[in-house]
K.L.:
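I am attaching a structure below and will ask some questions about it afterwards.
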Amino acid sequence: MDPLAVLKTIWHHKFAALPVVFVTLIAAVYVFQFAPRSYESTMTYAVINPSIPTDADKIANPALKKLNSSNPYLRASDPTLVVQVLITRLKDTSTADDLASKGLSKQYDVVRGAIGGQNSFLVDITGDASTPAQSIATTKRLGELLTEDLSSIQKIDGADDAYLFTSLVVATPDKATEQFSSRLRSLIGVLVGGLVLMFGAVSIARGRAKARQRRAEAARNADAAATGSQDGKPAIAAPAAGETSPQAPVPDVDPWLDPDLDALTAGTGRRRDSRRQDSRSQDSRSREAEAHEEVREVEPSR
């Protein structure tokens with residue numbers, strides 16, 4: 001569809017489109033200024049390998065020999081398995097329920113740190129909330145759960161602390177930052193909704209205008225039919241919208257000559273009468289000439 005034609009249609013039905021535009025602009029300003037906002041805070045943990053006692057340490061301190069070293073994650077072929085299990089535990093629905101029970105936000109994310117990729121021992125925790133304080137509290141609570149889960153998943157076989165991975169805080173959530181993307185998404189939603197409503201209003205106004213036009217044409221046809229019946233002449237219905245009127249019969253005479261047709265006919269009659277008079281005068285003159293000749297012939301004989 002031609003964009004210029006769309007703009008012309010909207011301008012033609014501006015009284016239906018402008019109210020929707022004004023309401024949409026007011027709603028957009030309200031959403032951008034007063035709609036709920038989202039704040040984000042981030043905390044980073046590092047998972048540290050345990051300091052396993054060596055044979056020399058056990059000889060120097062025989063009590064170390066009695067410690068339980070049965071940590072399943074120390075026997076795993078992938079040393080980062082403990083990090084993946086920890087992230088999975090934090091993403092469980094039980095974590096969201098724990099946050100909700102303490103009045104915190106259930107919007108959060110837990111991912112591996114960017115440094116090191118899939119082999120990274122860093123864990124990034126992000127908490128989203130409607131206020132900065134709630135966002136920071138949510139992130140700190142997730143850090144506490146990380147520490148608790150890290151200890152519980154390794155002590156499944158009763159391993160002692162000397163054989164456990166530990167967590168170290170790398171970055172604390174000192175400040176929450178506002179996420180303008182949330183307001184931007186709300187603003188785009190309001191503008192798109194207003195655009196749809198505007199086109200709907202223009203379509204309704206256009207349909208009503210066509211309906212009024214059809215009623216007006218029907219009324220004119222009815223008036224023309226009534227006028228024709230009163231005059232005793234058959235009424236000719238007006239052509240409907242989009243139809244062409246019937247062509248009038250073509251006259252035998254060129255229409256360009258119609259204005260001078262009477263004048264041409266009158267001139268031809270006058271020329272015909274003048275020729276008749278000329279022929280009559282010539283006949284009379286010839287008879288007179290013959291009469292004079294006869295007189296001349298008679299006079300010498302006398």
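Just so it is clear, the values below take in all heavy atoms, side chains as well, and ignore hydrogens, waters and symmetry mates. Along the sequence shown, residues carry numbers from 1.
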K.L.:
Donor-acceptor check, side chain of Ser151 to backbone of Glu148, threshold 3.5 angstrom: yes or no?
P.N.:
no

K.L.:
Run the numbers on Asp223 and Arg220 for side-chain contact (heavy atoms from CB on, under 4.5 Å), then give the verdict.
P.N.:
CA-CA 5 Å; Asp223 293 341; Arg220 287 197 298 270; 5.5 Å; no

K.L.:
Can a donor-acceptor pair be found, under 3.5 Å and without considering hydrogens, that links the side chain of Thr88 to the backbone of Gln84?
P.N.:
yes

K.L.:
Is the shortest heavy-atom distance from the side chain of Pro50 to the side chain of Thr166 under 4.5 Å?
P.N.:
no

K.L.:
Can you tell me how far the CG atom of Leu150 sits from the CZ atom of Arg89, to the nearest 0.5 Å?
P.N.:
10.5 Å

K.L.:
Less than 4.0 angstrom from a charged side-chain N to a carboxylate O is my criterion; do Asp160 and Lys66 meet it?
P.N.:
no

K.L.:
Rounded to the nearest 0.5 Å, what's the gap from OH on Tyr163 to CG on Asn68? Could you check?
P.N.:
9.0 Å

K.L.:
Could you tell me which residues satisfy side chain to side chain donor-acceptor pair (under 3.5 Å) with Asp78, sequence neighbours excluded, listed by chain and number?
P.N.:
Thr80

K.L.:
With a 4.5 Å heavy-atom cut-off, do Pro79 and Tyr73 have their side chains touching?
P.N.:
no

K.L.:
Flag the pair Thr42 / Thr177 as yes when at least one side-chain heavy-atom distance between them is below 4.5 Å, and no otherwise.
P.N.:
no

K.L.:
Hey, what do you get for OG (Ser41) to OH (Tyr108), rounding to the nearest 0.5 Å?
P.N.:
14.0 Å

K.L.:
Does a side-chain heavy-atom distance below 4.5 Å link Ile204 with Arg208?
P.N.:
yes

K.L.:
Taking only distance into account, with no hydrogens and no angle test, what donor-acceptor pairs under 3.5 Å do side-chain atoms of residues 5-24 form with protein atoms, sequence neighbours excluded?
P.N.:
unit_1: Thr9; atom_1: OG1; unit_2: Ala5; atom_2: O; d: 2.9
unit_1: Thr24; atom_1: OG1; unit_2: Val20; atom_2: O; d: 2.7

K.L.:
Same cluster or not: Val83 versus Leu164, using hydrophobic residues (I, L, V, M, F, W, Y) connected whenever any side-chain heavy atoms lie under 4.5 Å apart?
P.N.:
no

K.L.:
Any non-hydrogen side-chain atom of Phe32 less than 4.5 Å from a side-chain atom of Val190?
P.N.:
no

K.L.:
Mark yes or no for whether Thr139, through its side chain, and Gly127, through its backbone, hold a donor-acceptor pair below 3.5 Å.
P.N.:
yes

K.L.:
Over all heavy atoms of both residues, which pair between Ala159 and Gln154 is shortest? Give the atoms and the distance, please.
P.N.:
CB-O, 3.9 Å

K.L.:
Under the ring pair (Phe, Tyr, Trp, His ring centres under 6.0 Å) test, which residues partner Tyr30, sequence neighbours left out?
P.N.:
Phe34

K.L.:
Between Tyr45 and Val169, is the side-chain contact (heavy atoms from CB on, under 4.5 Å) condition met? List the steps.
P.N.:
CA-CA 5 Å; Tyr45 277 86; Val169 177; 3.4 Å; yes

K.L.:
Is the shortest side-chain heavy-atom distance between Asp149 and Leu90 below 4.5 Å?
P.N.:
yes

K.L.:
Between Ser105 and Leu99, is the side-chain contact (heavy atoms from CB on, under 4.5 Å) condition met? List the steps.
P.N.:
CA-CA 6 Å; Ser105 174; Leu99 295 174; over 6 Å; no

K.L.:
Please round to the nearest 0.5 Å and tell me the distance separating atom OG of Ser38 and atom CD of Glu178.
P.N.:
8.5 Å

K.L.:
Please tell me whether Ile52 and Leu64 are part of a single hydrophobic cluster in this structure, the criterion being side-chain heavy atoms less than 4.5 Å apart.
P.N.:
yes

K.L.:
Under 3.5 Å, is there a donor-acceptor pair between the side chain of Thr138 and the main chain of Gln134?
P.N.:
yes

K.L.:
When you group the ILVMFWY residues by side-chain heavy-atom contacts below 4.5 Å and let the links chain together, are Leu197 and Leu25 in the same group?
P.N.:
yes

K.L.:
Is it the case that the side chains of Asp57 and Thr54 hold a donor-acceptor pair, with the cut-off being a distance below 3.5 Å and no angle test?
P.N.:
yes

K.L.:
Looking at Thr147 and Gly143, would you say the former's side chain and the latter's main chain have a donor-acceptor pair under 3.5 Å?
P.N.:
yes

K.L.:
Within the supplied structure, the quantity of interest is the number of heavy atoms (other residues, nucleotides, ligands) at a distance under 6.0 Å from Leu195 CG; does it exceed 12?
P.N.:
yes

K.L.:
Apply side-chain contact (heavy atoms from CB on, under 4.5 Å) to Leu142 and Met43, showing your working.
P.N.:
CA-CA 9 Å; Leu142 288 169; Met43 191 175 188; over 6 Å; no

K.L.:
Assigning hydrophobic clusters by single linkage (Ile, Leu, Val, Met, Phe, Trp, Tyr; side-chain heavy-atom cutoff under 4.5 Å), is Tyr39 placed with Val110?
P.N.:
no

K.L.:
Between atom OG of Ser130 and atom CZ of Arg37, what is the distance when rounded to the nearest 0.5 Å?
P.N.:
12.0 Å

K.L.:
Is there a path from Ile87 to Leu122 through hydrophobic residues (I, L, V, M, F, W, Y) whose side chains come within less than 4.5 Å of each other?
P.N.:
no

K.L.:
Does the side chain of Ile125 reach to within under 4.5 Å of the side chain of Thr44, using non-hydrogen atoms?
P.N.:
no

K.L.:
For Ala129 versus Ser135, what's the shortest heavy-atom pair and its separation?
P.N.:
CB-N, 3.4 Å

K.L.:
Any side-chain heavy-atom pair from Lys58 and Pro62 closer than 4.5 angstrom?
P.N.:
no

K.L.:
Salt-bridge test for Arg141 and Glu144: reply yes if a basic N is under 4.0 Å from a carboxylate O, no otherwise.
P.N.:
yes

K.L.:
Could you measure the distance from the CG atom of Leu81 to the CZ atom of Phe165? Nearest 0.5 Å is fine.
P.N.:
9.0 Å

